[in-house]
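These notes concern the structure reproduced below.
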There are 2 protein chains.
Amino acid sequence: MKDFESKFKGFLAEKKLKLTRSRSLILEAVFAMQGHFDAEMLYDRLKDESVSMATVYRTLPLLMEAGLIRLAIRMEGRDRFERTFGHPQHVHWICENCQAVLESGLGSLKSMLHKEAKALKFGIDQINITVGGLCWKCRINENDSQ
Amino acid sequence: MKDFESKFKGFLAEKKLKLTRSRSLILEAVFAMQGHFDAEMLYDRLKDESVSMATVYRTLPLLMEAGLIRLAIRMEGRDRFERTFGHPQHVHWICENCQAVLESGLGSLKSMLHKEAKALKFGIDQINITVGGLCWKCRINENDSQ
DNA sequence: TCCTTATTGAGAATCATTTGCAACAAGCTT
DNA sequence: AAGCTTGTTGCAAATGATTCTCAATAAGGA
Ligand SMILES: [Mn+2]
Ligand SMILES: [Mn+2]
Ligand SMILES: [Zn+2]
Ligand SMILES: [Zn+2]
């Protein structure tokens, strides 16, 4: 059993929740997914296995609580997630023109926030840094386009 | 005429848009608002002046483009804004238990992001840093509550 | 004042996410 | 292995913030 599977199982057990067929399939789909994904993308890969959209939506929060995924960004009205396993927090750079999403490490931003957190006596759960703007490609075509 | 009024007027003129009664009232309401606000809060203060919710929603993006307000945070499914005049960008600390929102300066986080932006050739438009977790009050009552 | 074009209010439409509910399935307990 | 208790599911309806349609109206330049 893979790492994330046992972690999820442990989380569910601790909460007296059950590891169902649907939940297993969703977890599997999540870890088959590279990069960002939203509820619909998971559903597309699972509807043939008769997993409902409702259950996808009900499972996502569980996976977050379990620390297996995190809300990465919100794009076009949808919440997009990403797995946490092997994916440390990072900055998301979103091009407001072509919607491209770049990523870059948190670097010392992380320690600075933790330092400030200590001053505020704030217990950090999740850091979210998103920068909106124009990617280099769109900056070049800034005049032409539109 | 106040600073923000002429700035908005200038923005509209440049875009060949009109400064209407509704837009003026909305702008006024925005600058009467302290802290964060959402569309509904503005509407509540303007419905008696017969300004519609639709117009509030249509004006918010204009105010953003004009650089008068920015999207601060998203809470309980709603977008919450804040004015930019006299309110430099800052970090938002959101308590996941009591929903309190703390703020702290960007400090050197800003320059670090701009440095990284240069490396990525990314043109920054807006920086959004939000940290989720527990405020000090909720950390103390962590056991009791619930 | 006239004319062109942007704008508005009202209400319908969207659409992601949530919820109610009766049928079902996990996981314990014998 | 069967039974029992309780959490879970799919389906469809409900929600709720935001957007759109459209005919009526108001800016603002001529
Ligand atoms: Mn990412
Ligand atoms: Mn703020
Ligand atoms: Zn781009
Ligand atoms: Zn709190």
Side-chain angles (χ1 to χ4, degrees), chain A residues 1 5-6 8-30 36-66 69 71-81 99, chain B residues 1 5-6 8-30 36-66 69 71-81 99:
Chain A
M1 179 177 282
E5 281 181 304
S6 54
F8 191 39
K9 197 167 186 174
F11 167 80
L12 292 173
E14 209 162 298
K15 288 228 166 189
K16 294 202 199 335
L17 300 180
K18 296 169 180 173
L19 177 55
T20 64
R21 166 191 147 77
S22 291
R23 285 177 180 159
S24 292
L25 288 171
I26 292 171
L27 179 63
E28 193 179 291
V30 162
H36 303 152
F37 59 86
D38 59 28
E40 192 176 28
M41 292 165 81
L42 290 178
Y43 178 63
D44 281 342
R45 297 204 178 188
L46 294 172
K47 54 188 169 192
D48 295 327
E49 306 271 20
S50 82
V51 170
S52 74
M53 189 59 140
T55 297
V56 169
Y57 271 110
R58 283 187 282 233
T59 303
L60 254 5
L62 293 179
L63 293 174
M64 289 191 79
E65 275 187 74
I69 64 174
L71 176 58
I73 51 180
R74 191 178 170 72
M75 279 192 79
E76 296 162 348
R78 289 194 192 81
D79 280 339
R80 308 190 114 197
F81 306 82
Q99 316 303 315
Chain B
M1 179 177 281
E5 281 182 306
S6 55
F8 192 38
K9 197 166 186 173
F11 168 80
L12 292 175
E14 208 162 299
K15 289 229 164 187
K16 291 201 199 336
L17 300 181
K18 297 168 180 173
L19 179 55
T20 63
R21 166 191 147 77
S22 290
R23 285 178 180 159
S24 292
L25 288 172
I26 291 172
L27 179 64
E28 192 179 293
V30 161
H36 303 153
F37 59 87
D38 59 29
E40 192 175 28
M41 293 166 79
L42 290 177
Y43 178 63
D44 281 341
R45 297 203 177 189
L46 295 172
K47 55 189 170 193
D48 294 328
E49 306 269 19
S50 84
V51 171
S52 73
M53 190 58 140
T55 298
V56 169
Y57 271 110
R58 282 187 283 232
T59 303
L60 254 6
L62 292 178
L63 294 174
M64 290 190 78
E65 274 187 74
I69 64 174
L71 177 58
I73 51 181
R74 190 178 171 73
M75 278 192 79
E76 297 161 349
R78 288 194 193 82
D79 280 339
R80 307 191 113 195
F81 305 84
Q99 316 303 314

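Just so it is clear: chains get the letters A, B, ... in the order the sequence lines come, proteins before strands, and each one is counted from 1.
- Looking at residues 42-50 of chain B, you'll see Ser50(B) sit with a heavy atom under 4.0 Å from some atom of DNA chain C.
- Taking 4.5 Å as the limit, every side-chain heavy atom of Val30(A) sits out of range of all side-chain heavy atoms of Thr59(A).
- Across Val56(A) and Ile26(A), no two heavy atoms sit closer than the pair CA-CD1, 3.8 Å.
- Side-chain contact between Met75(B) and His36(B): absent, with no pair of heavy atoms (C-beta onward) separated by less than 4.5 Å.
- Lys15(B) places its NZ atom 17 Å from the P atom of dG28(D), with the value rounded to the nearest Å.
- OP1 or OP2 of dG10(D) has at least one side-chain nitrogen or oxygen of Ser22(A) nearer than 4.0 Å.
- Atom CE of Met64(B) and atom P of dT18(D) are 12 Å apart (whole Å).
- Looking at heavy-atom distances under 4.0 Å, Asp79(A) makes contact with sugar-phosphate atoms alone, never a base.
- When the side-chain nitrogen and oxygen atoms of Ser52(A) are compared with OP1 and OP2 of dT9(D), none of them lie within a distance under 4.0 Å.
- Rounded to whole angstrom, the span from the CZ atom of Arg23(A) across to the P atom of dG10(D) amounts to 11 Å.
- Residues Phe11(A) and Leu62(A) approach most closely at CE2-O, 3.6 Å, considering heavy atoms.
- Met53(B) and Glu40(B) get closest at one heavy-atom pair: CE-CA, 3.7 Å.
- When the P atom of dT8(C) is taken as reference, atom CG of Leu60(B) falls 13 Å away, rounded to whole Å.
- The nearest whole Å value for the distance from the CG atom in Leu12(A) to the P atom in dT6(D) is 19 Å.
- With a 4.5 Å cut-off on side-chain heavy atoms, Phe37(A) and Ile69(A) count as touching.
- Between Leu25(B) atom CG and dG9(C) atom C1' the separation is 14 Å, expressed in whole Å.
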What pairs of nitrogen or oxygen atoms, one from the protein and one from nucleotides 26-30 of chain C, lie under 3.5 Å apart?
residue: dA26(C); atom: N3; partner: Lys18(A); partner atom: NZ; Å: 2.9
residue: dG27(C); atom: OP1; partner: Leu19(A); partner atom: N; Å: 3.3

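- Atom-to-atom, CG of Leu27(B) to P of dT7(C) comes out at 15 Å; the value is rounded to the nearest Å.
- In this entry the distance linking NZ of Lys16(B) with P of dT4(C) reads 17 Å, nearest Å.
- Between Leu71(A) and Phe81(A), the closest heavy-atom pair is CA-CD2, 3.9 Å.
- Checked by atom type and distance alone, the side chain of Arg23(B) pairs as donor or acceptor with a backbone atom of Lys18(B) at under 3.5 Å.
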Give every pair of a protein N or O atom and an N or O atom of nucleotides 19-25 of chain D that lie under 3.5 Å apart, one pair per line with the distance.
residue: dT21(D); atom: O4; partner: Arg58(B); partner atom: NH1; Å: 3.3

